[in-house]
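For the single chain, residues carry numbers from 1 onward in sequence order. As the structure lists them, so they are numbered: ligands from 1, and atoms in each ligand from 1.
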Amino acid sequence: MDYLADFIAKYRNRTARSRTLSEQNRALAEPLQPVGFHSSMKEICYPIAATAFASGRFRDVDENDYVDFCMGLGSNLFGHNPAFVKAALIEQIERGYSVGPQAELASQLASLLVELTGMERVAFGCTGTEAVMVAVRLARTVTLRDRIALFSGSYHGQNDETLVRSGFEDDPFHGIPLTPGVPRHIARDALVLPYASAESLEIISMHRDELAAVLVEGGQPHRPEREHRTFFHRLRELTHETDIAFICDEMMTGFRLAPGGAQEYYGVRADIATYGKVIGGGMPLSVVAGKARFLNAIDGGPWSFGDASGPSALTTYVASTFSKHPLSLAAARATAIQLRDAGAGLQKGLNEQTRILVDRLNCCLAELETSLRFTACGSFFAPQPPFDESSTLIRLLHYHLASSGVFLWGVSGFLSTAHTPQDLDCLCDALRLSMLSLRDAGFAVDRSDPGLERS
Ligand code: PMP
């Protein structure tokens with residue numbers, strides 16, 4: 001039997017109930033994460049359905065166990081169901097979890113976040129997309145300008161205005177829609193610039209009177225640290241001079257790269273920073289934190305009782321039904337306390353473990369004479385370009401690793417404090433075996449997009 005057909009048959013057999021669930025639920029409209037649809041692998045294009053999570057692992061509906069490096073897409077820094085989050089959630093469930101009156105935990109969490117992030121004020125939301133949307137709106141309100149600048153290859157969530165890419169040759173820096181459904185006039189409002197280039201700084205400077213904000217991701221694993229650091233400092237200087245809001249999107253890096261995220265790591269302070277994932281302790285919570293000058297656009301700024309003070313800053317509209325959901329606040333408060341008490345050693349330790357893991361993975365790949373390599377950004381690791389999640393090797397590798405009981409996001413992953421040395425060994429062993437099988441079956445394992453032809 002053909003190798004691929006044989007592999008597909010085994011995978012289907014192992015995950016039969018996940019496949020049935022997917023087949024029975026065609027009413028559910030969803031993109032096929034994490035590796036998308038591919039006609040040659042159509043028969044295994046369905047998501048693995050999970051029934052139970054604990055520490056660094058989960059179990060699927062077919063009772064297969066997986067070491068999980070997807071880790072809630074990076075939201076579970078302390079693994080699945082850490083005891084302190086579970087206890088906080090149970091306590092809150094007992095008290096009730098409705099929204100409407102002010103949540104008792106909101107101001108406690110706000111104080112903890114001010115302490116952890118070093119920012120002056122904070123506001124809450126549910127998703128990273130929402131936090132970025134609010135951050136940009138605050139920047140526009142305060143600067144009285146409309147346009148934003150962001151960088152090619154970055155991701156800032158699914159707002160229309162950030163689902164953009166750089167334009168065509170004759171007009172390369174004006175954004176065009178990244179995907180159908182994004183209006184051209186919205187995309188055009190964005191300047192989409194090359195990351196870490198001097199030219200980008202010049203263009204930002206040229207457009208200083210139109211730009212409300214420069215939006216930059218806290219980190220991208222495939223970029224050298226030095227490049228990030230220098231660029232962050234240059235951006236900070238320029239945005240300061242031009243009074244453009246520097247928005248640092250810390251969704252991936254917040255509380256992960258360092259307690260104070262990329263800003264602490266690279267030694268800069270943004271005007272506004274957006275957080276999500278880790279801080280929610282596995283629950284949906286996002287945070288917009290920043291200088292009072294910007295956050296005051298939500299409520300007009302602080303005022304006191306018993307005197308003539310009142311909201312004085314120009315305000316914009318910010319509202320969201322579940323932005324202070326008591327369960328999210330309870331999980332986040334427990335997580336923030338844990339982060340504060342653990343100190344910077346937590347991130348330093350995990351970052352170092354990830355670096356060692358990536359070295360081991362790359363050593364194994366070098367021995368197998370493939371050009372695939374991994375890189376790390378803090379405790380996040382990903383394949384180094386030109387390999388990306390859509391390349392055929394990555395898709396095949398994802399399914400092979402899953403069939404060995406190791407689950408990654410594509411083949412990217414997050415280390416958590418719950419992963420054990422055995423879990424890391426499982427990944428290294430599964431990678432070696434998967435790549436060997438693919439190579440022995442004649443698949444090209446040294447090009448980024450070999451298609452499915454044998455080499
Ligand atoms: N910004 C960045 C840097 C992200 O990585 C993500 C999601 N991974 C988002 C924003 C959007 O977050 P969400 O999916 O919670 O909307």
Side-chain angles (χ1 to χ4, degrees), residues 30-31 33-36 69-77 117 123-139 148-165 178-179 181-182 190 192 195 213-223 228 231-232 235 245-258 261-263 265-266 270 272-290 318 320-323 325 328 331-332 335 375-382 388-389 408-414 416:
E30 57 171 355
Q33 302 287 14
V35 284
F69 290 98
C70 173
M71 270 297 144
L73 307 184
S75 49
N76 298 325
L77 185 71
T117 64
F124 299 121
C126 296
T127 65
T129 294
E130 186 182 354
V132 171
M133 176 188 75
V134 169
V136 169
R137 192 175 303 144
L138 298 181
I148 56 170
L150 42 79
F151 299 98
S152 293
S154 304
Y155 181 65
H156 296 289
Q158 58 165 330
N159 295 304
D160 282 350
E161 62 191 347
T162 59
L163 283 180
V164 294
R165 64 184 177 87
L178 182 67
T179 180
V182 172
V192 187
Y195 191 81
V214 173
L215 187 53
V216 64
E217 234 180 308
Q220 293 171 10
H222 57 278
R223 296 191 187 278
H228 275 308
F231 192 51
F232 266 53
L235 269 182
F246 181 148
I247 303 178
C248 185
D249 184 349
E250 295 257 25
M251 222 57 67
M252 296 284 269
T253 46
F255 313 104
R256 181 174 286 279
L257 208 49
Q263 295 165 86
Y265 200 75
Y266 299 124
I272 309 175
T274 52
Y275 302 88
K277 298 197 189 263
V278 167
I279 194 58
M283 295 294 285
L285 184 103
S286 61
V287 177
V288 182
V318 176
S320 165
T321 303
F322 291 119
S323 65
H325 193 281
S328 297
T335 304
T375 53
C377 172
S379 46
F380 172 58
F381 60 92
D388 67 31
E389 304 299 322
L408 287 104
W409 190 244
V411 299
S412 299
F414 298 89
S416 76

N/O pairs closer than 3.5 Å, ligand 1 and protein:
from, atom 1, to, atom 2, distance (Å)
ligand 1, 1 (N), Asp249, OD1, 3.3
ligand 1, 1 (N), Asp249, OD2, 2.6
ligand 1, 8 (N), Lys277, NZ, 3.0
ligand 1, 15 (O), Gly128, N, 2.9
ligand 1, 16 (O), Gly128, N, 3.4
ligand 1, 16 (O), Thr129, N, 2.8
ligand 1, 16 (O), Thr129, OG1, 2.6

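Among Val192, Leu178, Ile148, the single residue meeting the side-chain contact (heavy atoms from CB on, under 4.5 Å) criterion with Val164 is Val192.
Between Tyr195 and His228, the ring-plane angle classifies as perpendicular under the 30° and 60° cut-offs.
The backbone N or O of Ala262 sits less than 3.5 Å from a side-chain atom of Glu250, completing a donor-acceptor pair. The backbone N or O of Phe414 sits nowhere less than 3.5 Å from a side-chain atom of Arg256 that would complete a donor-acceptor pair. Judged by distance alone, with hydrogens and angles left aside, the side-chain atoms of Glu217 form no donor-acceptor pair with the main-chain N or O of Phe151 at under 3.5 Å.
Side-chain contact annotation: Asn159 with Thr129, donor-acceptor N/O pair under 3.5 Å absent.
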